[in-house]
Amino acid sequence: MAGGRRLRAWWSTLGGPMVVLTVLTACAGPYQYYGGTEVHDATTTEVVGEWENVEGTRVVFREDGTALFEKLDGQDFDFENGWRLSGTGTWRLADGDGGQVVRLTPTARTRVERRSPATETDAPALEPPSTYRWSFYVDRDRHDKLKLFFFHGDPDVGNTYVMTRGPVS
């Protein structure tokens, strides 16, 4: 009988907080607590040039702080909306506690496309927001070459949209 009382006392003391913590962390994926790459040594010279993605995305960061982008998907949950944006914009390399990011802000749209999903639905294509900004995390590969990425889709999954250096012109 004494053991049963101890078990009930233990459950009433720790059980409630454990349930609350379980509920609060159930949707905590890698992106939600991502602290950055800790890369602080990238230069604008390294960022300048053409970058591409396996999905046909192309971004050109120019020395004067302007950019050209083609078929760039939305980041985070906006990726799920299926739009791809092409246009021109401005960019800057920013440094924070967790590392550097390249911020790309569109100034003019030249084309809005819809990414082809694996299975077509009858849902209407959502338009991209009228204002938007991408934040590409700056990282280095095993050869110390720069790579840029952002997270897309459900944050619990932690999918990355990686941009690698394009052909040198």
Side-chain angles (χ1 to χ4, degrees), residues 24-118 125-169:
L24 289 176
T25 60
C27 294
Y31 165 72
Q32 292 175 336
Y33 301 108
Y34 187 70
T37 61
E38 295 299 327
V39 171
H40 296 279
D41 63 348
T43 65
T44 55
T45 303
E46 288 179 288
V47 175
V48 167
E50 186 173 330
W51 296 81
E52 56 190 25
N53 176 280
V54 296
E55 298 294 325
T57 300
R58 186 173 84 96
V59 179
V60 179
F61 296 108
R62 298 183 181 124
E63 286 182 52
D64 64 359
T66 61
L68 168 71
F69 53 94
E70 297 174 349
K71 300 180 180 179
L72 188 54
D73 294 293
Q75 64 185 47
D76 301 326
F77 278 114
D78 291 330
F79 182 84
E80 303 299 328
N81 294 333
W83 52 260
R84 306 188 90 192
L85 195 57
S86 297
T88 58
T90 60
W91 72 276
R92 70 181 183 88
L93 179 63
D95 198 351
D97 290 339
Q100 292 172 295
V101 293
V102 175
R103 303 214 192 276
L104 172 61
T105 305
T107 54
R109 295 178 182 192
T110 56
R111 186 172 60 244
V112 176
E113 299 176 45
R114 177 126 173 103
R115 186 178 58 256
S116 299
L126 294 175
E127 287 294 313
S130 58
T131 59
Y132 203 77
R133 183 173 77 174
W134 285 271
S135 293
F136 294 92
Y137 290 101
V138 176
D139 201 3
R140 295 198 179 274
D141 66 15
R142 65 177 188 216
H143 302 293
D144 208 33
K145 300 289 184 200
L146 222 55
K147 67 178 180 177
L148 307 175
F149 71 94
F150 60 77
F151 290 97
H152 69 85
D154 185 342
D156 289 335
V157 178
N159 289 325
T160 55
Y161 192 93
V162 179
M163 302 292 294
T164 56
R165 181 66 69 180
V168 177
S169 12

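What you see below is based on every heavy atom in this structure, not just the backbone, and it leaves out hydrogens, waters and symmetry mates. These numbers were taken from a predicted model, which means no experiment stands behind them.
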Margin query: Using the rule given for side-chain contact (heavy atoms from CB on, under 4.5 Å), can you reason through Val59 versus Glu50, listing the C-alpha separation, both sets of side-chain angles and the distance that settles it, and then say yes or no?
Written below: CA-CA 6 Å; Val59 179; Glu50 186 173 330; over 6 Å; no

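- Around the CG atom of Asp97, the shell of radius 6.0 Å holds no more than 12 heavy atoms that belong to other residues, nucleotides or ligands.
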Next item on the list: Would you please test Phe149 and Thr37 for side-chain contact (heavy atoms from CB on, under 4.5 Å) and show each step?
Entry: CA-CA 10 Å; Phe149 71 94; Thr37 61; 3.8 Å; yes

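- Taking Glu46 as the reference, Arg140 meet the salt bridge (charged side-chain N to carboxylate O under 4.0 Å, His left out) condition, with sequence neighbours excluded.
- Applying the side-chain contact (heavy atoms from CB on, under 4.5 Å) rule to Val47 yields the partners Phe61, Trp91, Leu93, Val102, Leu146; only residues at least two apart in sequence or on another chain are considered.
- Among residues two or more places apart in sequence or in another chain, the side-chain contact (heavy atoms from CB on, under 4.5 Å) test is passed with Asn159 by His152, Val157.
- A salt bridge is defined here as a Lys NZ or Arg NE, NH1 or NH2 lying under 4.0 Å from an Asp or Glu carboxylate O, and Arg111 with Glu113 meets this definition.
- In Glu38, the CD atom is crowded: over 12 heavy atoms of neighbouring residues, nucleotides or ligands sit closer than 6.0 Å.
- Nearest heavy atoms, Thr66 versus Asp64: OG1-OD1, 2.6 Å.
- Of the residues listed (Phe69, Trp51, Tyr161), the one engaging Trp134 in a ring pair (Phe, Tyr, Trp, His ring centres under 6.0 Å) is Phe69, and it is the only one.
- With respect to Glu70 and Arg58, a salt bridge is recorded, a charged nitrogen being found less than 4.0 Å from a carboxylate O.
- Partners of Asp78 under the side-chain contact (heavy atoms from CB on, under 4.5 Å) rule, at least two apart in sequence or in another chain, are Asn81, Trp83, Tyr132.
- Closest heavy-atom contact between Arg115 and Asp73: NH1-OD1, 2.8 Å.
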Could you pull out all donor-acceptor pairs under 3.5 Å where a side-chain atom in residues 103-110 meets a protein atom, sequence neighbours excluded?
{"from": "Arg103", "atom 1": "NH1", "to": "Ser135", "atom 2": "OG", "distance (Å)": "2.7"}
{"from": "Thr107", "atom 1": "OG1", "to": "Thr88", "atom 2": "O", "distance (Å)": "3.3"}
{"from": "Arg109", "atom 1": "NH2", "to": "Pro129", "atom 2": "O", "distance (Å)": "2.1"}
{"from": "Thr110", "atom 1": "OG1", "to": "Ser86", "atom 2": "O", "distance (Å)": "3.3"}
{"from": "Thr110", "atom 1": "OG1", "to": "Gly87", "atom 2": "N", "distance (Å)": "3.4"}

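- A search for side-chain contact (heavy atoms from CB on, under 4.5 Å) contacts involving Thr45 returns Thr43, not counting sequence neighbours.
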Next item on the list: Before giving the answer on side-chain contact (heavy atoms from CB on, under 4.5 Å), spell out for Arg62 and Val48 the whole-Å C-alpha distance, their side-chain angles and the decisive distance to 0.1 Å.
Entry: CA-CA 5 Å; Arg62 298 183 181 124; Val48 167; 5.8 Å; no

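- The OG1 atom of Thr44 sits 10.0 Å away from the CD atom of Gln100 when rounded to the nearest 0.5 Å.
- The CG atom of Asn53 sits 9.5 Å away from the OG1 atom of Thr160 when rounded to the nearest 0.5 Å.
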Margin query: Before you tell me yes or no, could you show the steps for Arg84 and Thr57 under side-chain contact (heavy atoms from CB on, under 4.5 Å), namely the whole-Å CA-CA distance, both residues' side-chain angles and the distance that decides it to 0.1 Å?
Written below: CA-CA 9 Å; Arg84 306 188 90 192; Thr57 300; 3.1 Å; yes

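- Here the NZ atom belonging to Lys71 is positioned 12.5 Å from the CD atom belonging to Glu52, to the nearest 0.5 angstrom.
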